[in-house]
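Here's a structure for you.
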Amino acid sequence: GYSSSMVLSDRFLFQAMPRLLTLWFEFGEFAQQTLKQIEELERKGWTNVAVRQSGKKKIDPEQQAQTLVVNLKRSVQNVNAIVESWFEKLRSYQWATSCAQLISRICHPSEPVVN
């Protein structure tokens with residue numbers, strides 16, 4: 001929605017661009033923090049994580065974490081691909097309106113977001 005509105009018109013550029021970038025940055029930060037927490041659990045071992053049951057089937061937390069990592073990394077790649085497509089669709093002056101916000105995120109914890 002936000003990127004489509006900016007492609008069609010500049011009317012809401014100063015509202016849409018910051019919101020679009022904030023959503024992207026926050027998602028990248030959430031993904032990075034989640035991956036770090038999973039890595040920490042893997043280092044410590046899974047002894048402190050309770051094994052849940054779903055009906056008669058036990059759900060292994062390590063297997064769940066591996067699935068989460070794969071899905072999260074895939075989601076980050078998909079979102080970053082969408083953002084890259086915005087670079088092609090939006091005009092350069094539209095990006096210039098958000099230079100301060102982009103520069104402030106150079107030290108973002110997620111390497112794909114920084115790139």
Side-chain angles (χ1 to χ4, degrees):
Y2 291 114
S3 62
S4 300
S5 71
M6 289 186 293
V7 169
L8 298 174
S9 169
D10 291 335
R11 184 173 179 189
F12 298 106
L13 176 64
F14 292 101
Q15 292 83 19
M17 180 64 82
R19 184 66 184 141
L20 191 70
L21 292 174
T22 297
L23 290 171
W24 177 43
F25 293 146
E26 287 179 357
F27 175 71
E29 188 172 350
F30 166 78
Q32 188 70 21
Q33 288 174 350
T34 303
L35 292 172
K36 281 184 178 182
Q37 289 173 350
I38 290 172
E39 286 175 10
E40 191 174 312
L41 280 171
E42 287 175 345
R43 272 194 310 258
K44 291 179 180 178
W46 294 93
T47 55
N48 296 335
V49 179
V51 175
R52 296 185 325 179
Q53 286 188 321
S54 174
K56 294 182 181 181
K57 183 180 174 186
K58 287 187 177 179
I59 299 172
D60 179 27
E62 191 170 358
Q63 184 179 5
Q64 273 188 317
Q66 290 172 355
T67 302
L68 177 63
V69 167
V70 168
N71 290 337
L72 197 53
K73 286 182 178 180
R74 186 178 307 131
S75 295
V76 168
Q77 290 173 345
N78 291 340
V79 169
N80 286 340
I82 291 168
V83 172
E84 285 179 25
S85 74
W86 299 337
F87 283 105
E88 297 169 8
K89 294 177 185 175
L90 299 176
R91 294 171 287 284
S92 58
Y93 74 88
Q94 291 174 306
W95 288 105
T97 64
S98 61
C99 281
Q101 189 177 7
L102 291 169
I103 291 170
S104 72
R105 295 296 181 125
I106 288 176
C107 297
H108 195 280
S110 175
E111 188 176 329
V113 172
V114 172
N115 292 337

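Residue numbers run from 1 in the order of the sequence given.
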Grouping I, L, V, M, F, W and Y whenever their side-chain heavy atoms are under 4.5 Å apart, do Leu90 and Phe14 come out in a common cluster? no
Considering all heavy atoms, the nearest Pro18-Leu13 contact: CD-O, 3.7 Å
Contacts of Arg43 that satisfy side-chain contact (heavy atoms from CB on, under 4.5 Å) - sequence neighbours left out: Glu40
Rounded to the nearest 0.5 Å, what separates atom CZ in Phe27 from atom CZ in Phe30? 7.5 Å
Output all residues satisfying ring pair (Phe, Tyr, Trp, His ring centres under 6.0 Å) with Phe87, sequence neighbours left out; order by chain, then residue number. Trp95
Leu68 meets the side-chain contact (heavy atoms from CB on, under 4.5 Å) criterion, sequence neighbours left out, with Thr34, Ile38
Drop me the distance from Lys36's NZ to Glu39's CD, to the nearest 0.5 angstrom. 8.5 Å
Inter- and intrachain pairs under salt bridge (charged side-chain N to carboxylate O under 4.0 Å, His left out), touching residues 79-94, at least two apart: Asp10-Arg91
Quick one: do Ile82 and Val76 end up in the same hydrophobic cluster if we chain Ile, Leu, Val, Met, Phe, Trp and Tyr together by side-chain heavy atoms under 4.5 Å apart? yes
What residues, two or more places apart in sequence or in another chain, satisfy side-chain hydrogen bond (donor to acceptor under 3.5 Å, both in side chains) together with Thr22? Gln101
For Asn71, which residues count as a side-chain contact (heavy atoms from CB on, under 4.5 Å) partner, sequence neighbours excluded? Thr67, Arg74
Identify, with sequence neighbours excluded, every residue that meets side-chain contact (heavy atoms from CB on, under 4.5 Å) alongside Gln63. Asp60
